[in-house]
**Q** 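Please read through the structure below; I'll follow up with questions.
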2 protein chains.
Amino acid sequence: MSEHGFFTSTSHWIDKLQENGYRLTGPRRAVVETMANSRYVLSPMEIYQQARKLHDKLGLVTVYRTLEKLEQMQLIQRVHRPSDCQAFVASPPGHNHLLICEDCGQVEYFNGDPAAMEQFIARVGSRSGYRVKNHWLQLFGRCAACQEKMSS
Amino acid sequence: MSEHGFFTSTSHWIDKLQENGYRLTGPRRAVVETMANSRYVLSPMEIYQQARKLHDKLGLVTVYRTLEKLEQMQLIQRVHRPSDCQAFVASPPGHNHLLICEDCGQVEYFNGDPAAMEQFIARVGSRSGYRVKNHWLQLFGRCAACQEKMSS
DNA sequence: TTTTATGCAAAGTATTTGCACGGGA
DNA sequence: TCCCGTGCAAATACTTTGCATAAAA
């Protein structure tokens, strides 16, 4: 487990990298550490700035290239918000949905009710003649910490 | 009603523009006609190319500026897909969800079950301490026409 | 006549690519 | 040693802005 007790850990990410034939380098490790230990939605530039504290010589290009690999391996996911979709967050294993704080970018994961969801999708699909293959469900709001911040 | 019998019509859009103090110009009309009569997800460049058939002197910049206004007036909405969020589609009045064809970009609208959705959101919210303010639900699949295209 | 809207060109921003060098395995 | 990964710089793609002209009201 990471120092924060998150659902995922740096060592698991590193194992995954190696399983996929990728080398473990200093710059890559810095990006991995940053993403694996954060539950916040981060842009490539923010990831770059944070990861540079762990590896000063890191270049922004390497951030882009590493994010691409992590996304392919499904360790991170691209997060879509009303005005942007260039930000990323660590992804727990399996299908999940996001609850995102509009103020600070913190993310919670939830699963919904898979059976109910499937039934609902089947209904919409048959009504429209579509074959539905995938779905997105995302909630936006304000996390507990940001609610307190606002009221004080 | 538009010539295609869609949920929306060019004249309604033009009324809205004027209610909001915007002038009705040739370029603007071309973009409005294009968006009001399409149920396909279109990028700014695609809108530009289609609208230019209606007004040759149209510039791409005007497309961007017009889309911005139409989005503010909620006549169109930005559509998010796994790899991009720079495309737009006409929006019916009120809250709605999208079912998008991954092949051709055609869009269907649906409402879900508002009561069930609210209850579900309340449950997720209370569990996490979030105050949920908004949600997105989108389905991706293949429309009837594209299914036929594939099987032949 | 007054003010908004337009198109062009230029600037700005974000992301990707080419390439010689450096470092992991 | 071999080859993947890196950073820099340049190229690309997309979007926004400044400004003089054109057109709506």
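Below, chain A is the first sequence line, B the second, and so on; all start at residue 1. As a basis for the values below, the full set of heavy atoms in this structure was taken, side chains included, without hydrogen atoms, waters or symmetry mates.
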**Q** Answer yes when A/Lys133 and B/Glu102 have at least one side-chain N-carboxylate O distance shorter than 4.0 Å, and no when they do not.
**A**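 Looking at A/Lys133 and B/Glu102, the cut-off is met.
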
**Q** Taking side chain to side chain contact (heavy atoms under 4.5 Å, CB included) as the criterion, tell me which of B/Glu46, B/Arg81, B/His80 meets it with B/Val41.
**A**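 That would be B/Arg81.
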
**Q** On DNA chain D, does the nearest nucleotide to B/Arg65 precede the nearest nucleotide to B/Leu24 from the 5' side, or the other way round? Give the residue.
**A**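 This one resolves to B/Arg65.
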
**Q** Measure up the A/His135 and A/His97 rings against each other and bin them: parallel (under 30°), tilted (30 to 60°), perpendicular (over 60°).
**A**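 Aromatic pair A/His135/A/His97 classed tilted.
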
**Q** Counting only N and O atoms by type, is there a donor-acceptor contact under 3.5 Å from the side chain of B/Asn96 to the main-chain atoms of B/Gly94?
**A**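 Flag set: sc B/Asn96 to bb B/Gly94 pair under 3.5 Å.
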
**Q** At a heavy-atom distance below 4.0 Å, which nucleotide of DNA chain D is the first touched by chain A, and which is the last?
**A**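 So the outermost contacting nucleotides come out as D/dC3 to D/dA9.
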
**Q** I need the CE-P distance between A/Met45 and C/dT15, as an integer number of Å.
**A**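 One finds 9 Å between P of C/dT15 and CE of A/Met45, rounded.
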
**Q** Starting at atom CG of B/Leu17, determine the distance to atom P of C/dT4, rounded to an integer number of angstrom.
**A**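 These atoms are roughly 15 Å apart.
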
**Q** Go through the N and O atoms of the side chain of B/Arg23 and the base of C/dT3, and report whether any donor-acceptor pair is under 3.5 Å.
**A**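 Flag set: donor-acceptor pair detected.
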
**Q** C/dA5 P sits how many Å from B/His55 NE2, rounded?
**A**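 Going from B/His55 (NE2) to C/dA5 (P), I get 15 Å.
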
**Q** So does B/Gln18 have more than 12 non-hydrogen atoms from other groups sitting under 6.0 Å from CD?
**A**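 Result for CD/B/Gln18: enclosed.
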
**Q** Does A/Tyr64 put a side-chain nitrogen or oxygen below 4.0 Å from OP1 or OP2 of C/dT15?
**A**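 Affirmative; the distance criterion is met.
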
**Q** Expressed in angstrom and rounded to an integer, what is the separation of B/Gln18 atom CD from C/dT4 atom P?
**A**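 That distance rounds to 15 Å.
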
**Q** By nearest nucleotide on DNA chain D, pick out whichever of B/Gly26 and B/Glu68 is the more 5' one.
**A**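 It is B/Glu68, whose closest nucleotide lies nearer the 5' terminus.
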
**Q** Without decimals, in angstroms, what is the distance between B/Asn20 CG and C/dT4 P?
**A**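 The distance from CG of B/Asn20 to P of C/dT4 comes to 14 Å, rounded to the nearest Å.
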
**Q** Is B/Thr62 reaching over with its side chain to a backbone N or O of B/Leu58, donor-acceptor style, under 3.5 angstrom?
**A**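 Checked: no pair found.
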
**Q** Evaluate the side-chain hydrogen bond (donor to acceptor under 3.5 Å, both in side chains) criterion for residues B/Glu108 and B/Gln106: first the C-alpha distance (whole Å), next the side-chain angles of each, then the deciding distance (0.1 Å), finally the verdict.
**A** CA-CA 7 Å; B/Glu108 299 281 341; B/Gln106 205 232 328; 3.3 Å; yes

**Q** If you compare every side-chain N and O of A/Gln86 against the phosphate oxygens of C/dT15 (OP1, OP2), does one of them come in below 4.0 Å?
**A**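 Yes, such a contact exists.
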
**Q** Could you state the atom-to-atom distance from CD of A/Glu71 to P of C/dT16 in whole Å?
**A**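 Taking atom P of C/dT16 as the reference, CD of A/Glu71 is at 11 Å.
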
